[in-house]
2 protein chains.
Amino acid sequence: MELKQVEKIAKALSDINRLKILQHMQRHQGKMECNETCSLLNLAQPSISHHIKKLVESELINQHKEGRYYNYSLNDKVWEAYLNTLKKL
Amino acid sequence: MELKQVEKIAKALSDINRLKILQHMQRHQGKMECNETCSLLNLAQPSISHHIKKLVESELINQHKEGRYYNYSLNDKVWEAYLNTLKKL
DNA sequence: TTTATATATTTAAAAGTTTCAATGTATTGT
DNA sequence: ACAATACATTGAAACTTTTAAATATATAAA
């Protein structure tokens, strides 16, 4: 993976709220409701939306629309590539 | 590793210049001269100093004074813990 | 001991990030 | 169709980061 992409992913991971979002996501098999997440993190809805966007843009996670809701999944390939690039830096 | 520390390390890794510094460091067995690094990255000396400080503060690297120069080494434990925490997030 | 070299610190400007109120859009239930 | 719900976008304030000029400190070399 290029350093530019590593930078982008590290940026996505460099905020405690986004880390908590990822953790929450993982523990709920990608099912995550905005309102619930808002109260979990004590943030307003646009903030959650902004954070999720950063995670999606980093390509760490995929977003699938399911009616009114979204489901999320880790992009394992990108995730692995990030960890491997760092390991071999 | 606590999420707060993951955040700090990710922040340290979230700048292309710091990634290049780490890479350069690794490829030179931790021997790194400031001036050389300045011209490599096209940055002024205080900027390099600032970036290295962030890496040291994140505990990703150790700094050993050797006369007028510094030598650096990866803090393997912290590095591993970071990668493992993310892997198991 | 003076001078040169390597790196750190302070300060301040410019750029980027985080947050949320207000508002917009898409989907579902009545 | 209308109201309710889930989420996105815009715009602006507060805060943080990046950068470098100026200056300081530590070590080595002459």
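Residue numbers begin at 1 in each chain, while the letters A, B, ... track the order of the sequences.
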Check: L89(A) and L3(A) side chains under 4.5 Å, non-hydrogen atoms: yes

Selection residues 5-42 of chain A - residue pairs positive for ring pair (Phe, Tyr, Trp, His ring centres under 6.0 Å), sequence neighbours left out: H24(A)-H28(A)

Degree of bending, the helix from dT1(C)-dA30(D) to dT30(C)-dA1(D) (end axes from five pairs; round to 10°): 20°

Heavy-atom side-chain proximity of L86(B) to L22(A) below 4.5 angstrom: no

Sequence-aligned protein contact record of nucleotides 1-17 of chain C, with B where the base is within under 4.0 Å of a protein heavy atom and S where only the sugar-phosphate is: ----BSBBB-------S

Residue mapping more 5' on DNA chain C - nearest nucleotide basis, K65(A) or S47(A): S47(A)

CA sep, side-chain torsions, deciding dist, call: M32(A), I21(A), side-chain contact (heavy atoms from CB on, under 4.5 Å): CA-CA 9 Å; M32(A) 198 168 52; I21(A) 287 174; 3.9 Å; yes

Flag side-chain contact, heavy atom, 4.5 Å: K54(A) against D15(A): no

From OG (S47(B)) to CG (N42(B)), nearest 0.5 Å: 11.0 Å

Student check: side-chain heavy atoms of L40(A) and K20(A) closer than 4.5 Å: no

Contact list for DNA chain C against residues 20-30 of chain B - heavy-atom distance below 4.0 Å: none

Cationic N near anionic O, under 4.0 Å, E7(B) to K4(B): yes

Flag side-chain contact, heavy atom, 4.5 Å: L55(A) against Y72(A): no

Stepwise side-chain contact (heavy atoms from CB on, under 4.5 Å) check, Q5(A) with V78(A): CA-CA 10 Å; Q5(A) 203 182 346; V78(A) 171; 4.2 Å; yes

CA sep, side-chain torsions, deciding dist, call: N75(B), L60(B), side-chain contact (heavy atoms from CB on, under 4.5 Å): CA-CA 5 Å; N75(B) 191 335; L60(B) 274 178; 5.8 Å; no

Selection residues 48-69 of chain A - residue pairs positive for ring pair (Phe, Tyr, Trp, His ring centres under 6.0 Å), sequence neighbours left out: none

First and last nucleotide of DNA chain D, 5' to 3', lying under 4.0 Å from heavy atoms of chain A: dT5(D) to dT9(D)

